[in-house]
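Fair warning: this is a prediction, and the values are worked out from it, not measured in the lab. Note that the numbering runs from 1 along the sequence shown for the chain.
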Amino acid sequence: MKKIVLGMFLLGCSYAVCAASAIEYIEAVERINADYKKESRQFLSGLNPQQQGFSPEQNAKFCAIVGHYVDRLYQAADQNRAYLDRQFQNMSKQDVITEVKSSKEMQLLKRYQVDCHL
């Protein structure tokens with residue numbers, strides 16, 4: 001009887017750890033997204049609204065922000081791989097880059113000739 005109760009307790013604890021780690025991953029991604037949104041908006045608000053494209057320096061600075069975002073997203077996924085859905089467990093850094101580059105925001109910035117080589 002003690003073994004059954006102990007087994008059920010351990011099973012419950014491991015489930016709680018999984019749930020806690022999944023929640024931690026979601027919270028990490030939310031923080032990463034909020035930081036990226038803040039950094040990118042701060043950068044974009046400093047631009048001249050009349051300009052037709054980014055200067056090479058502006059492109060490099062914005063791409064550094066995007067690169068940091070990609071790195072942090074991938075790191076969060078990599079650290080929590082065991083707790084992700086199966087479809088995301090094998091996610092590579094290139095997959096994260098592809099998702100970020102295909103985002104609505106990056107598509108809108110194409111008209112400014114923003115080209116980040118991540």
Side-chain angles (χ1 to χ4, degrees):
M1 183 66 163
K2 288 182 183 180
K3 287 183 181 181
I4 294 173
V5 173
L6 179 63
M8 290 174 61
F9 175 75
L10 292 175
L11 181 62
C13 286
S14 66
Y15 179 74
V17 168
C18 288
S21 294
I23 290 170
E24 289 172 11
Y25 171 71
I26 292 167
E27 290 172 347
V29 169
E30 287 175 349
R31 280 191 308 274
I32 292 165
N33 285 334
D35 290 348
Y36 170 71
K37 192 177 287 187
K38 179 183 171 190
E39 290 175 26
S40 61
R41 283 188 178 161
Q42 187 175 28
F43 170 80
L44 294 171
S45 69
L47 299 176
N48 179 349
Q50 303 302 320
Q51 73 184 76
Q52 298 297 312
F54 284 10
S55 71
E57 295 81 21
Q58 290 169 332
N59 192 69
K61 185 172 182 176
F62 185 75
C63 289
I65 293 169
V66 174
H68 183 64
Y69 176 60
V70 166
D71 290 342
R72 291 182 66 204
L73 282 176
Y74 178 71
Q75 185 179 35
D78 195 42
Q79 289 173 349
N80 293 284
R81 231 172 251 290
Y83 311 110
L84 299 177
D85 287 340
R86 286 184 188 201
Q87 66 187 32
F88 300 113
Q89 284 182 347
N90 295 323
M91 186 173 17
S92 68
K93 188 168 186 178
Q94 187 58 48
D95 293 332
V96 175
I97 291 169
T98 300
E99 286 297 316
V100 169
K101 281 189 161 188
S102 66
S103 71
K104 183 178 173 183
E105 178 183 87
M106 292 302 286
Q107 296 303 308
L108 288 172
L109 289 172
K110 278 188 176 181
R111 72 179 192 184
Y112 291 105
Q113 293 82 38
V114 175
D115 186 25
C116 297
H117 301 286
L118 303 170

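Here CG of Leu44 is found 11.5 Å from CD of Glu39. Values are rounded to the nearest 0.5 Å. Between the CD1 atom in Ile65 and the SG atom in Cys116 there is a gap of 9.5 Å [rounded to 0.5 Å]. With rounding to the nearest 0.5 Å, the separation of CD in Gln113 from CD in Gln52 is 8.5 Å. The NZ atom of Lys61 sits 10.5 Å away from the OG atom of Ser55 when rounded to the nearest 0.5 Å. A distance of 12.0 Å separates CG in Asn80 from CD1 in Ile23, rounded to the nearest 0.5 Å. For the atom pair CD (Gln94) and NZ (Lys101), the distance works out to 7.5 Å, reported to the nearest 0.5 Å.
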Which pairs would a plain distance check flag for residues 26-33, meaning a side-chain donor or acceptor within less than 3.5 Å of a matching protein atom at least two apart in sequence or in another chain?
| from | atom 1 | to | atom 2 | distance (Å) |
| --- | --- | --- | --- | --- |
| Asn33 | OD1 | Tyr69 | OH | 2.6 |
| Asn33 | ND2 | Val29 | O | 3.3 |

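Inter-residue side-chain proximity for Asp35 and Arg72 is flagged as met; some heavy-atom pair is nearer than 4.5 Å. With contacts defined as side-chain heavy-atom distances shorter than 4.5 Å, the pair Glu99/Met91 does not qualify.
Counting only N and O atoms by type, the side chains of Ser92 and Asp95 include a donor and acceptor under 3.5 Å apart.
Surrounding CD of Gln42 are at most 12 heavy atoms belonging to other residues, nucleotides or ligands under 6.0 Å away.
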Derivation of the side-chain contact (heavy atoms from CB on, under 4.5 Å) call for Leu73 and Tyr36: CA-CA 10 Å; Leu73 282 176; Tyr36 170 71; over 6 Å; no

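The shortest heavy-atom contact between Gln58 and Phe43 is O-CZ, 3.4 Å. Closest non-hydrogen pair, Tyr74 versus Lys93, comes out as CE1-N, 3.3 Å.
If you run side chain to side chain contact (heavy atoms under 4.5 Å, CB included) between Val66 and each of Val100, Val114, Ile97, Asp71, only Val100 comes through.
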